[in-house]
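Here the structure is a predicted model, which means the values were calculated and not measured. Numbers restart at 1 for each chain; the letters A, B, ... are given by sequence-line order, proteins then strands.
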Amino acid sequence: MEKEKDNFFQRVHEVARTIPVGRVTTYGAIAAHLGAPKSSRMVGWAMNNSHGTDVPAHRVVNRLGMLTGKAQFTSPTEMEERLRAEGVVVKEEKVVDFEALFWEPI
DNA sequence: GTTTTGACGTAGC
DNA sequence: CGCTACGCCAAAA
């Protein structure tokens with residue numbers, strides 16, 4: 001059986017999919033969970049690939065709690081709208097009480 | 001095969 | 001307090 005070479009993306013997708021509703025996490029946290037805290041950029045890349053999958057990319061923000069990836073969504077407001085729909089308050093493209101809503105991949 | 005870029009992070013000024 | 005620069009790794013051109 002062929003091994004999945006996309007383990008990096010697959011791994012990111014798997015972790016991101018584990019994010020509970022109403023919670024958010026950071027690229028660095030996911031990257032660190034994968035064992036590559038410096039590959040935080042790759043997480044964003046993986047998320048871009050995850051567009052169209054079960055991966056809630058809107059729950060992933062940078063360590064500042066800023067919705068840096070909103071521009072990559074179908075609509076730049078979709079990310080904020082989705083987060084609000086899950087109970088996450090977004091202000092100035094940033095997550096309010098970010099550290100309180102921050103969820104670390106287990 | 002080399003160069004550029006990219007949804008980040010940290011450090012420096 | 002805000003911007004610049006560098007690092008880091010992987011994919012696309």
Side-chain angles (χ1 to χ4, degrees):
Chain A
M1 53 321 212
E2 285 67 64
K3 210 65 178 296
E4 307 299 326
K5 294 122 43 112
D6 49 296
N7 50 51
F8 206 100
F9 283 19
Q10 193 69 26
R11 199 73 67 110
V12 175
H13 297 166
E14 192 174 331
V15 175
R17 203 180 306 150
T18 324
I19 303 173
V21 179
R23 287 289 170 90
V24 289
T25 190
T26 71
Y27 304 100
I30 298 174
H33 181 71
L34 300 177
K38 305 177 178 191
S39 303
S40 43
R41 312 178 85 161
M42 272 57 270
V43 179
W45 247 100
M47 296 263 93
N48 197 10
N49 261 268
S50 71
H51 186 272
T53 65
D54 299 323
V55 181
H58 60 271
R59 290 184 193 144
V60 186
V61 294
N62 69 357
R63 86 176 189 84
L64 303 178
M66 194 187 292
L67 282 61
T68 40
K70 67 168 192 164
Q72 301 302 326
F73 277 73
T74 311
S75 182
T77 54
E78 184 175 319
M79 190 171 186
E80 184 179 319
E81 297 257 322
R82 284 196 173 199
L83 286 172
R84 287 191 176 193
E86 297 184 350
V88 180
V89 182
V90 179
K91 183 90 172 186
E92 303 284 302
E93 302 181 6
K94 289 165 299 206
V95 178
V96 180
D97 289 326
F98 170 63
E99 40 184 308
L101 297 171
F102 178 66
W103 175 85
E104 184 178 8
I106 305 171

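With distances taken from any side-chain atom of A/Met42 to the nucleotides B/dA7, C/dG7, C/dA10, the minimum falls on C/dA10. For A/Ser39, the listed nucleotide lying nearest its side chain is C/dC9; candidates were B/dA7, C/dC9, B/dG9. Residue A/Ser40 has its side chain nearest to B/dG9 when only B/dG9, C/dC8, B/dA7 are considered. Among C/dG7, B/dA7, C/dA11, the nucleotide with an atom closest to any side-chain atom of A/Arg41 is C/dG7.
In this structure, CG of A/Asn49 is placed 20 Å from P of C/dC9, rounded to the nearest angstrom. Rounded to an integer number of Å, the gap from CG of A/Leu64 to P of B/dG9 is 7 Å. If you measure from atom CZ of A/Arg11 to atom P of C/dA10, you get 13 Å, rounded to the nearest angstrom. At whole-Å resolution of the value, CH2 in A/Trp45 and C1' in C/dA13 are 11 Å apart. Taking atom CZ of residue A/Phe98 and atom C1' of nucleotide B/dC8, one finds them 12 Å apart after rounding to whole Å. Residue A/Ile30 contributes atom CD1, which lies 17 Å from atom P of C/dA10 at whole-angstrom precision. We find that CE of A/Met47 is positioned 12 Å from P of B/dC8, with the value rounded to whole Å. Rounded to an integer number of Å, the gap from A/Phe8 CZ to C/dC8 C1' is 11 Å.
Counting non-hydrogen atoms under 4.0 angstrom, A/Asn62 reaches the backbone sugars and phosphates but no base. Nucleic acid contact for A/Ala57: base, since at least one base atom lies under 4.0 Å from a heavy atom of the residue.
Side-chain contact check for A/Trp45 versus A/Val12: every heavy-atom pair is 4.5 Å or farther apart. Residues A/Gln72 and A/Met47 form no side-chain contact, since every pair of their non-hydrogen atoms from C-beta on lies 4.5 Å or further apart. Put simply, the side chain of A/Thr74 reaches to within 4.5 Å of the side chain of A/His51, judged on heavy atoms. Side-chain contact between A/Pro105 and A/Thr18 is absent, with no heavy atoms from C-beta onward closer than 4.5 Å.
The one candidate from A/Val89, A/Leu67, A/Leu64 that meets the side-chain contact (heavy atoms from CB on, under 4.5 Å) condition with A/Val95 is A/Leu67.
Between the base of B/dC8 and the side chain of A/Arg63 there is no donor-acceptor pair shorter than 3.5 Å.
Between A/Thr68 and B/dC8, a side-chain N or O to OP1/OP2 separation shorter than 4.0 Å is present.
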